[in-house]
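All heavy atoms count here, side chains included; hydrogens, waters and symmetry mates do not. Just so we're on the same page: letters track the sequence lines, and every chain starts at 1.
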Amino acid sequence: MDMGDARQIIAQRAAREISDGMIVNLGIGIPSLVPDYLDPSISVFFQAENGILGMGPTPKENTDGNLSNAAGYPVTLLTGGSYFDSAVAFGMIRRGCIDVSILGALQVSASGDLANWIVPGKRVPGVGGAMELAYGAKNLITLMTHTEKDGQPKIVEQCTLPITTYHCVKKIITDLAVFSIIGGKLRLDELMPGTTLEEVRAKTGTTFYQ
Amino acid sequence: MDMGDARQIIAQRAAREISDGMIVNLGIGIPSLVPDYLDPSISVFFQAENGILGMGPTPKENTDGNLSNAAGYPVTLLTGGSYFDSAVAFGMIRRGCIDVSILGALQVSASGDLANWIVPGKRVPGVGGAMELAYGAKNLITLMTHTEKDGQPKIVEQCTLPITTYHCVKKIITDLAVFSIIGGKLRLDELMPGTTLEEVRAKTGTTFYQ
Amino acid sequence: MPLFNKVTTYETIRPLFFDGMTLLFGGFGGVGSPPGLVDCLIESGVKEVNLVGNDAGFPWIGMGKFICLERAKTLIASHIGSNPVAGELMNQGKLKVEFSPQGILVERIRSGGVGLNGFLTEIGMGTKLEYNKPRVTIDGKEYMYEAPITGDVSIVYARKADTFGNLVFDKTARNTNPYVAMAGKITVVEADEIVEMGSLNPEEIIVPGIYVKYIVPSEGYNWKWIWEMPDKLSRNAPPAK
Amino acid sequence: MPLFNKVTTYETIRPLFFDGMTLLFGGFGGVGSPPGLVDCLIESGVKEVNLVGNDAGFPWIGMGKFICLERAKTLIASHIGSNPVAGELMNQGKLKVEFSPQGILVERIRSGGVGLNGFLTEIGMGTKLEYNKPRVTIDGKEYMYEAPITGDVSIVYARKADTFGNLVFDKTARNTNPYVAMAGKITVVEADEIVEMGSLNPEEIIVPGIYVKYIVPSEGYNWKWIWEMPDKLSRNAPPAK
């Protein structure tokens, strides 16, 4: 399975976590692919931390330089949506108004610690809104490929990368499996089609229960 | 001089403290009479802490139940005025955007302490916005009759009533005199027409310089 | 978008109120307080309520009507001067009043509403309004800590609400309402006008509907200006409604 | 109301910038950053500037253009990932970057802008983003103190300004601009459209003109979306202007 396929498989599975009437925030990377797989019969409002509630799809033409998502790509506004400033946007996030926050991750620990903002000396994206999304969302789901390109596991006993937020991740969806973190313990919920328990055990950097 | 005349004389003198282009907040009581004496050739924006910048005069008819000043009386809005919420209203006040705040007072001390929110066991109005106006305004002027009805001085060495804000008053205008407080010391600036220095000395509860 | 329809009846709202609850209410001197929801609160019969709002209204306007019934246990407000009954109850020990500077109070409500843990200020330090609030020293300078406020239920008045709960307000009836709307575990809006989603300009929405749980239609208020009252500040002033 | 006319030229603004100043700027990924005022800042020749804003923009959009000239000394921002030049300068020790969680940063700017003395939060505690921020214990629970931010000059982009400086914004170009406008000792607005007082609906004004000192007309931006760029994140990407 190439990386592109893996990302699509993860996004497709993540879409099933979203149900009718939810308020959802999607991070950049794999989470941005999730809307492509949503059940078209449900109504969802996407929140973007640059000041939109009710974000709609990429416009086919006539992009507006003053209307983008948090990653800087052009979007539209759904009926009933609203624009607001950054303090209001993060007020909603910290206050717990987001039903599901779906973030990309670099590492997640067995107890739900999230590392997704910096690889010292290599990538310096900065933390953006991830700390507050991790703090405030009712449900925090992380999406990532199960391992690094070199095979290193990303689900680990203790994160080696700088932490974004401790004890925040509730669910991990990878191209191999779906895990929950309950009471600080990692539980395997599902194997993705074509995966075996042995493979997941081998490629996961920590123990888990079922 | 009866109390009504005294109040008008104080308001008339206070109006001279307001010049073209100023942003002004007026407290309840005597300060609310000041606009009647403003030079009609100047442009001033009155701010009201219930959410108006550019407050206009009392409407002659068709009062609007949702448009009042901070004392609950109907007002209008000038061209270029705006409505906003209470946090924005007090943000402006604390941030120093008000050029002159004119408040009523119960007592003012020689060093500029203001007491104007409670007479224990008697009047319990509550502090309202006075503490923040006293804290934030570039210039704080207090208006009051020079003495209580029973002759007790209101300008005192130390306030006996609970303090609103310490060291905040810059100017005191009474029916007898105008004082400044400079470097923590009380200075007599003017005698009101018909008053003598001896009378002001006799009716002031602290020493002052000239 | 059927799931985003939050319009309901006062009958649905009444059971949300409970004895001993913390209730946040919008309004400034009664202007911008939701008249129908105050009546609904009164009809619910609840008592020992902990109230948080700008002021005690007038005896016949805003939350003043409820306070006069002696069913509020505590009140955090910036002033109660317009409601002498509140002053009487305070002096009789029947209503515990905590005074807060007006802008500090709305910031405390905002702090709770935006999920922060309170703030520091110099305002009120050394005065009776300090109560027992903690002091904090930062870089050698002392400040007073103001705690965030949230409530079990918030009641809010809006000029217009769409069915999702996006709100716009009317002139000085906006006042504390946007922050009260953010700070309630359950926020109920009384709106003069309820419109379809898409009817409000998305740039002009003051409170996004995400904060709103229920919307009820207003039947309007019917109070008089204070100088129109025969006996202005008496508890016996005839209630207009 | 002639005294309330704040419209001026870029020539008047240029001398407001000075070496070593603290400059606050609105914008989120360049969207809502004032393009003409960034150019004006560049033309002013100032250096060693302490910048505060949501992010480092892109190398050819927003404050990114100025950062690429190596005339910023420090930057407080939530991320710099969209401007690899900023990352290079940071790694070379030429630009000192303090990362702040995005919403915490805008609250710090707001805290300065509304005259409060900072706030408490749990967000970021125990992470590298704590730096040496003071911890405060309230009722037995520990929080991190976040200090207020103010600036010597704030530069802001608005959709419309009236001549008094009342502002309305455009969609996601609003972002941090309202708070940046409040937090500058001197606030300069670049507006797409400048209108007479009375042209804006007083209910829809987002920033009252009281915060604004100067207004300049925008000549618009001329940047491209990131995927339209031939060499997306390179410092050599052709500036559109």
Side-chain angles (χ1 to χ4, degrees), chain A residues 28 48-52 55 58-59 63-77 81-95 113-115 117-118 120-136 159 161-168, chain D residues 26 28-32 54-58 61 77-82 84 86-88 90-91 97 99-107 109-110 121-129 157 159 169-179 192 206-207 220-228:
Chain A
I28 58 175
E49 62 268 32
N50 58 331
I52 314 179
M55 189 167 54
T58 309
T63 61
D64 179 336
N66 285 341
L67 179 50
S68 67
N69 64 18
Y73 287 80
V75 292
T76 50
L77 189 76
S82 55
Y83 302 116
F84 36 81
D85 65 56
S86 302
V88 171
F90 281 93
M92 289 175 187
I93 289 169
R94 286 187 305 264
R95 180 70 177 139
D113 299 342
L114 170 66
W117 76 275
I118 192 169
K122 288 186 183 169
R123 276 176 39 178
V124 189
V127 74
M131 283 188 175
E132 284 136 311
L133 284 159
Y135 171 87
C159 293
L161 293 172
I163 294 294
T164 302
T165 302
Y166 293 95
H167 308 305
C168 61
Chain D
F28 193 114
V31 176
N54 183 68
D55 56 75
F58 294 86
I61 300 180
S78 70
H79 71 89
I80 62 170
S82 53
E88 281 170 34
M90 182 180 81
N91 288 334
V97 180
F99 289 106
S100 175
Q102 206 157 53
I104 296 299
L105 178 57
V106 69
E107 287 290 335
I109 296 168
R110 181 184 183 277
T121 181
E122 303 168 80
I123 292 169
M125 274 177 72
T127 73
K128 277 182 183 275
L129 266 63
Y157 162 79
R159 170 73 190 85
F169 298 92
D170 190 28
K171 307 181 193 76
T172 56
R174 188 186 311 185
N175 54 66
T176 63
N177 278 296
Y179 305 102
D192 275 348
I206 303 292
V207 172
Y221 55 80
N222 191 22
W223 46 263
K224 294 166 183 271
W225 291 101
I226 181 169
W227 64 89
E228 297 170 335

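Here the shortest heavy-atom pairing between D/Glu122 and A/Tyr135 reads OE2-OH, 2.9 Å. Shortest non-hydrogen contact noted between A/Met131 and D/Gly124 is SD-CA, 3.7 Å. What you find for A/Phe90 and D/Gly103 is that their closest heavy atoms are CG-CA, 3.3 Å. The two residues A/Val127 and D/His79 make their nearest non-hydrogen contact at N-CB, 4.3 Å.
The CG atom of D/Leu129 lies 12.5 Å from the CD1 atom of A/Ile163; values are rounded to the nearest 0.5 Å. Distance check: A/Ile118 CD1 to D/Thr127 OG1 gives 11.0 Å after rounding to the nearest 0.5 Å.
Shown here are the ring pair (Phe, Tyr, Trp, His ring centres under 6.0 Å) partners of D/Phe99, two or more places apart in sequence or in another chain: A/Trp117. Taking the side-chain hydrogen bond (donor to acceptor under 3.5 Å, both in side chains) definition, one finds that D/Asp170 meets it with A/Asn66, sequence neighbours left out.
Residue contact with chain D, scored on non-hydrogen atoms closer than 4.5 Å, involves the backbone of A/Thr164 exclusively. Looking at D/Met125, only its backbone comes within 4.5 Å of chain A, counting heavy atoms on both sides. With a 4.5 Å cut-off on non-hydrogen atoms, A/Ala89 does not touch chain D at all. Contacts of D/Pro101 with chain A are made by both backbone and side-chain atoms, with heavy-atom separations under 4.5 Å. Of the two parts of D/Ser100, only the backbone, made up of N, CA, C and O, holds a non-hydrogen atom closer than 4.5 Å to a non-hydrogen atom of chain A.
With respect to chain A, the highest number of heavy-atom pairs below 4.5 Å among D/Ile123, D/Val106, D/Asn177 belongs to D/Ile123. Chain D forms the most heavy-atom pairs under 4.5 Å with one residue out of A/Ala130, A/Pro125, A/Gly136, and that residue is A/Pro125.
For the pair A/Tyr83 (side chain) and D/Phe169 (backbone), a donor-acceptor distance under 3.5 Å is absent. Distance alone, capped at 3.5 Å, is enough to place a donor-acceptor pair between the D/Thr172 side chain and the A/Ser68 backbone. In this structure a side-chain-to-backbone donor-acceptor pair under 3.5 Å is present from A/Glu132 to D/Ile104.
Within 6.0 Å of CD1 on A/Ile28 lie no more than 12 heavy atoms contributed by other residues, nucleotides or ligands.
Contact check for A/Asn50 versus D/Val31: no side-chain heavy atoms found under the 4.5 Å cut-off.
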